[in-house]
Amino acid sequence: MILLAPWPAPAADAAFQTFLQSLWPDAQKLGVSRQTFDAATRGLDPDLALPDLVLPGKPERPPPPQAEFVQTPADYVREASIARLAAQGKKLYDQHHSTLDAIEQRFGVSPAVILAIWGRETAYGGHRLPHNAIRVLATQAYVGRRKELFRNEFLLALKIVQEGHVRPDDMRSSWAGAMGHTQFLPSEFYKHAIDVDGDGRRDIWNSIPDSLAAAAAQLVAKGWQRGKRWAYEVRIPANVDCTIAQPAHTLPLGEWLKRGYAPAYGRKLSADELKEAASLLLPEGTYGPAFLAPKNYFVIKEYNFSDLYVLFVGHLSDRIVDARPFEKPWSKNTQLRTEQVEAMQRTLTERGLYRDKVDGKAGMLTRAALGEYQKVNGLKLDCWPTAAVLAHMQGRPGRN
């Protein structure tokens, strides 16, 4: 048997070192010393097992599909996971209540929301990030699909090391370079990280106070509104027009209630809440729980651009203080494959009903455009992508 040497050949390693050395002038401009630069890059090999790389002579390796975009709401916002993390979150609040209360006083973000982000990102620090951040960022800058973005992130990572915020060996990350308890890229670190524990370092890897404060600071920078909820679960009218479930369609919460939307569990809204503008969110079309989403919903979505991520974090934050699950359960609907959603989006684009990216992700705008297609073609109006509706679009027999 002949064993073939894995790509790259030694010459490619030399090319990687040449590439790294080409970054030295820019690192120096950021205040990185030659000693720090050499220590971080000496003997460094690219990690060619990472996703999202473009390797010469190899098919492009796309990023792994995010669970937020390929799972149904029932799969992603799984009750067992929410209940387990909520119970753990309650214990962590008791353990860190003084820190969390101080962060709330300073930033206006509730302890439950901060804990929920921590729980979702790294299971409260229980998930050990698998990669060395320096190696990941250097590799992505060298042969990644988004070289310029990661080139800057790599240089900022060297600056973090230079300033002594973390030891290089503790600088763990995801495959895309997101680091620490609450998953920050180096650029986000420099925008939002704070030394809360007073040790002179902004340590999002080992310091829980610094990590949680950084998460709160990022939310505030994205527009978090103090004292406001992330969303309101509601019962929808029987004749709901699901095509209005998109961010551009907003009404004061009081107006939604006048139109037949009722807060779950008979929740009573204050006078200030009734004035707050909100959009309708139907994550599973007309089948699962429905929500009225105010500004803070979309602030969390800036943290991770996925409705399911926001639902997980928001619901987990609620469950940390209230044991009740969603009033309406998720259905047993299935999710179309990415290529099927892309085909649907292309058809909706051709029909002039969809004007966003063809990305295979069945988000708010895709679901609303699908609802418009269902209206025009006399199909059941539910705003949920199914194989039957796709078959109808493609002129194939199918039931809806």
Does any donor atom in the side chain of [X] or [Y] lie under 3.5 Å from an acceptor atom in the other side chain?
{"X": "S331", "Y": "E284", "result": "yes"}
{"X": "D101", "Y": "Y93", "result": "yes"}
{"X": "Y354", "Y": "E372", "result": "no"}
{"X": "D197", "Y": "S207", "result": "yes"}
{"X": "S33", "Y": "Q162", "result": "yes"}
{"X": "S270", "Y": "D272", "result": "no"}
{"X": "D318", "Y": "W230", "result": "yes"}
{"X": "Y373", "Y": "H392", "result": "yes"}
{"X": "H131", "Y": "R135", "result": "no"}
{"X": "T366", "Y": "Q345", "result": "yes"}

Qualifying residues under salt bridge (charged side-chain N to carboxylate O under 4.0 Å, His left out), relative to E339, sequence neighbours excluded: R337

Run the salt bridge (charged side-chain N to carboxylate O under 4.0 Å, His left out) test against K228 and tell me which residues pass, sequence neighbours left out. none

Strictly below 4.0 Å, N to O, side chains only: are E255 and R259 in salt-bridge contact? yes

Are R235 and E327 ion-paired here, with the side-chain N under 4.0 Å from a carboxylate O? yes

Who are the ring-ring contact (aromatic ring centres under 6.0 Å, His included) partners of F312, not counting sequence neighbours? Y76

Name the orientation class of the two ring planes belonging to F19 and Y142 (parallel below 30°, tilted from 30 to 60°, perpendicular beyond 60°). tilted

Carefully, step by step, assess L381 and K375 under the rule side chain to side chain contact (heavy atoms under 4.5 Å, CB included). CA-CA 6 Å; L381 180 59; K375 278 185 181 180; 4.1 Å; yes

T41 side chain reached by Q21 side chain, heavy atoms, under 4.5 Å: yes

Tell me if the aromatic rings of Y303 and F298 count as close, with their centers under 6.0 Å from one another. no

Report yes or no: is the cationic atom of R172 (NZ for Lys, CZ for Arg) under 6.0 Å from the centre of the six-membered ring of W205, at an angle within 45° of the ring normal? no

So for atom NZ, which belongs to K295, do other residues, nucleotides or ligands contribute more than 12 heavy atoms lying within a distance under 6.0 Å? no

